[in-house]
Amino acid sequence: MNLPEATNFIEQFINEDLASGKYESRGNEICVRFPPEPNGYLHIGHVKALCINFAVKEKYDGKINLRMDDTNPAKEDYEYVNSIIEAIKWLGFEYDNLFFASDYYDKLYEIAEKYIADGNAYVCDLSAEEITATRGTLTEAGKESPYRNRSVEENLKLFREMRAGKYPDGAKVLRAKIDMSSPNLNMRDPVIYRIAHVPHYRQGDKWCIYPMYDFAHPVSDALEGITHSLCSLEFENHRPLYDWVIEKAGFAQPVPRQIEFARLNITNMLMSKRYLKKLVDEGFVSGWDDPRMPTLVGLKNRGVPPMALRKFCADVGVAKNYGVVNIAQLDECIRDELNVSAERAMAVTDPVKLTVTNYEGEEELDFEINPTDGSGKTRAVKFTGSVFIDRSDFALEPPPKFKRLFKGGYVRLKAAYIVRCDDVKVGADGRVEEIFCTYFPETRSGSTVKSDIKAKGVIQWVDCKYGVDAEFKSFKPLLTDELYPDQDYAERLNKDSVSVAYGKVEPYAANSAEGKSFQLMRTGYYKVCPPENGMARLSEIVSLKDNFNK
RNA sequence: UGGGGUGUCGCCAAGCGGUAAGGCACGGGAUUUUGAUUCCCGCAUUCGUAGGUUCAAAUCCUGCCACCCCAGCCA
């Protein structure tokens, strides 16, 4: 199932809770949730959270909810919720329920009134700037708001008026009454409701006050009966508030427990929604699904198999250390998946003509579709004795250990014959223009005839008569020097991030369905794109390992 | 300088008092009609650091050092 095994410390907490008998009243059912805010597309960083949560669900035979954490109407939209649902489906995950925090607005409001009634919340008239100014600093306590001790009646009246739309944005907020001198800034009377005369994509104009994350999230978890609320490290400081909110709301035991883990970082991969959105908005990429994007649609569009992403997360594991995984590890997972699933095809990205001078006519040869899947299946490849080979497969002056072709040398044309290079036509500029060879009929691929002729290497080729013109596009990753570049990042990210080569490819690959992936031998894994003016087009998913050029 | 976290191989990461898993990367070898794959083999006497407790410590205690997070009416 490709689920992370290393959920170790998370499992430890869950096991503790289970052992304590905390969940006996609920049949010991473990319930988790994946709570994205629908304000952007899911990216590879989210896959980690998804994998961890689904691993827990699987391990404990529990339940998992997908919950849209949509409490900020200014940023959210259906476009995003749909994309999130599709991305999760693409990864092959099946959640038990789809919920929306916005469906809890009534309940949330009710709890807010309870807070007021219990003296745990108050309406504050301070401006945002004033609240910031009175919050104190890391080392100094904050000052209590002059509105902190309003009566329950007044608070209730004011809060209801806020809801009724009597006040403009920013005029008032509802604050939790906790401790202005807490060393944890999150406990210094955090705002839990703000006024925003902004229509909500699902609730329309029903509300003009919206709950804040710190209030809505714990309550949502509790309402759904979540037992373990897994989130990233930056919420550690919020945990006391998380617990406070649930306790004061009066939820019955067992209440959810928040557990934090380190989020995923990958070298050379930008993982901040904010920057990704900027790349899209400013047109540096074609969209959220641009193949250079680390979004799931981007990765999908590039041709990355979903299971490669899952395996990657499983390999990387879960911990609380801040870490940056080398992208080589991701690439390896992608190759690993494609190695057994992608058919092989021959292509040359820098063609040089090779003529077999003693060959006449044409024939069909058997070409193994995928030597690693154990099927042994072959397909036919036409050969006319006149082919293109890659420039890098021939050397005027072969370097040591060179296994490919050079004058006087022997090499096997993959799936065909061993040939010997007799002559080379070199242009005035020193470039090889054509290679002339002799072939040996008894060395035909698959032949049982014994032959003393041996070749050290095998090279690929595309027949001159049948080969198809092709464009090979490669995407370099969106490079960053640091994780969150301050400026010029978009220019740098975009610079040279696409490169194109033109060459020849077998008609088999050229005529394959769009989206099919091939391993272009000794080059990389490529995805078939729709052809344009008679030219086949393939785009790189990930390059192959190359021990020679290293 | 307050609080909350984290420090184990180049990069992730197990380990929870009994003498350092695994993956990626790297190096070497074997097989190979992809210099791919596969397959072997190697790769931390050492766990941020300094002390202490113990027959025994990466694991317990103490001090120190480094890095990350927190002062949104974002999530």
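What's counted below: heavy atoms across the whole structure, side chains too, no hydrogens, waters or symmetry copies. So you know, we letter chains A, B, ... as the sequences are listed, proteins then strands, and number each from 1.
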Q. When all nucleic acid strands are considered with a 4.0 Å heavy-atom cut-off, which category describes A/Gly446: base, sugar-phosphate, or nothing?
A. base
Q.
Nearest to the side chain of A/Asp69, heavy atoms from C-beta on, is which of B/A13, B/U38, B/A75?
A. B/A75
Q) How long is the line joining NE2 of A/His46 and P of B/A75, in whole Å? A) 15 Å
Q: Tell me what A/Ala415 touches on the nucleic acid: a base, only sugar-phosphate, or nothing, going by heavy atoms under 4.0 Å.
A: base
Q: Tell me what A/His238 touches on the nucleic acid: a base, only sugar-phosphate, or nothing, going by heavy atoms under 4.0 Å.
A: base
Enumerate all atom pairs, one protein N or O and one N or O from nucleotides 6-9 of chain B, separated by less than 3.5 Å.
| residue | atom | partner | partner atom | Å |
| --- | --- | --- | --- | --- |
| B/U6 | O3' | A/Asn321 | OD1 | 2.6 |
| B/U6 | O2' | A/Asn321 | OD1 | 3.1 |
| B/G7 | OP1 | A/Asn321 | OD1 | 3.2 |
| B/G7 | O5' | A/Asn321 | OD1 | 2.9 |

Q. Should the pair A/Phe402 and A/Phe406 be assigned to parallel (<30°), tilted (30 to 60°) or perpendicular (>60°) ring geometry?
A. tilted
Q: Sort out for me which residue in A/Tyr109, A/Tyr122, A/Tyr147 forms a ring pair (Phe, Tyr, Trp, His ring centres under 6.0 Å) with A/Phe159.
A: A/Tyr109
Q. Has the side chain of A/Asn8 got a donor or acceptor atom sitting under 3.5 Å from an opposite partner on the base of B/G15?
A. no
Q: Select base, sugar-phosphate, or nothing to describe what A/Gly323 touches, counting heavy atoms under 4.0 Å on all strands.
A: sugar-phosphate
Q: Answer with base, sugar-phosphate or nothing: what part of the nucleic acid does A/Lys273 contact at a heavy-atom distance below 4.0 Å?
A: nothing
Q. Taking atom P of B/A25 as reference, at what distance in whole Å does atom CG of A/Leu330 sit?
A. 12 Å
Q | Value in whole Å for how far the P atom of B/A13 lies from CD1 of A/Ile266 | A | 13 Å
Q: Just call it for A/Pro240: base, sugar-phosphate, or nothing, with non-hydrogen atoms closer than 4.0 Å on any strand.
A: nothing
(Q) Under 4.0 Å, counting only non-hydrogen atoms across every strand here, what does A/Arg135 touch: a base, just sugar-phosphate, or nothing? (A) sugar-phosphate
(Q) Under 4.0 Å, counting only non-hydrogen atoms across every strand here, what does A/Met346 touch: a base, just sugar-phosphate, or nothing? (A) nothing
Q: Tell me what A/Thr523 touches on the nucleic acid: a base, only sugar-phosphate, or nothing, going by heavy atoms under 4.0 Å.
A: nothing
Q | Candidate nucleotides B/C74, B/U34, B/G72, ranked by approach to the side chain of A/Val458 - the nearest | A | B/U34
Q | N/O donor-acceptor pair, side chain A/Gln12 with base B/C16, under 3.5 angstrom | A | yes
Q) What's the NE2-C1' distance between A/His197 and B/C73, to the nearest Å? A) 13 Å
Q) Rounded to whole angstrom units, what separation is found between the CZ atom of A/Arg194 and the P atom of B/A75? A) 4 Å
Q. How would you list all residue pairs meeting salt bridge (Lys or Arg N to Asp or Glu O under 4.0 Å) that involve residues 187-196 of chain A, not counting sequence neighbours?
A. A/Arg148-A/Asp189
Q. Between the base of B/U1 and the side chain of A/Thr139, is there a donor-acceptor distance below 3.5 Å?
A. no
Q. Taking the side chain of A/Asp315 as heavy atoms from C-beta outward, which of B/C73, B/G23, B/A75 is closest to it?
A. B/G23
Q: Check every atom of B/U38, B/C69, B/C74 against the side chain of A/Glu234 and return the nucleotide holding the closest atom.
A: B/C69
Q) Can you find a heavy atom in the side chain of A/Leu544 that is under 4.5 Å from one in the side chain of A/Met521? A) no
Q. For the side chain of A/Asn237 and the base of B/C69, is some donor closer than 3.5 Å to an acceptor across the two?
A. yes
(Q) Measuring from the side chain of A/Val325 (C-beta onward, heavy atoms only), which nucleotide among B/A25, B/G4, B/C12 has the closest atom? (A) B/C12
Q. Between A/Tyr80 and A/Trp288, how do the two ring planes meet: parallel, tilted or perpendicular, split at 30° and 60°?
A. perpendicular
Q: Select base, sugar-phosphate, or nothing to describe what A/Ile131 touches, counting heavy atoms under 4.0 Å on all strands.
A: base
Q) Does the pair A/Asp243/A/Arg239 count as a salt bridge with the N-to-O cut at 4.0 Å? A) no
Q) Can you tell which of B/A75, B/U34, B/C24 lies closest to the side chain of A/Met521? A) B/U34
Q) A/Tyr193 has an atom OH; how far is it from atom P of B/C74, in whole Å? A) 14 Å
Q) Is A/Gln519 side chain donor-acceptor paired with the B/U34 base, going by distance under 3.5 Å alone? A) yes
Q. Between B/A25, B/C11, B/A14, which one does the side chain of A/Glu332 approach most closely?
A. B/A25
Q | OH on A/Tyr410 to OG1 on A/Thr443, rounded to 0.5 Å | A | 10.5 Å
Q. Of the candidate nucleotides B/U37, B/U34, B/C74, which contains the atom at the shortest distance from the side chain of A/Lys75?
A. B/C74
Q) Below 4.0 angstrom from OP1 or OP2 of B/C73, is there any side-chain N or O of A/Ser127? A) no
Q: Would you classify B/G48 as syn or anti? Syn applies when the glycosidic angle is within 90° of 0.
A: anti
(Q) Measure CG/A/Leu338 against P/B/U34 and give the value in whole Å, please. (A) 19 Å
Q. Checking all strands, does A/Glu140 fall into the base, sugar-phosphate, or nothing category for heavy-atom contacts under 4.0 angstrom?
A. nothing
Q.
Students often get this wrong, so: under 4.0 angstrom with heavy atoms, is A/Phe402 touching a base, only sugar-phosphate, or nothing?
A. base
Q | Qualifying residues under side chain to side chain donor-acceptor pair (under 3.5 Å), relative to A/Ser20, sequence neighbours excluded | A | none
Q) Per the side chain to side chain donor-acceptor pair (under 3.5 Å) rule, which among A/Lys516, A/Gln519, A/Arg379 passes with A/Glu343? A) A/Lys516
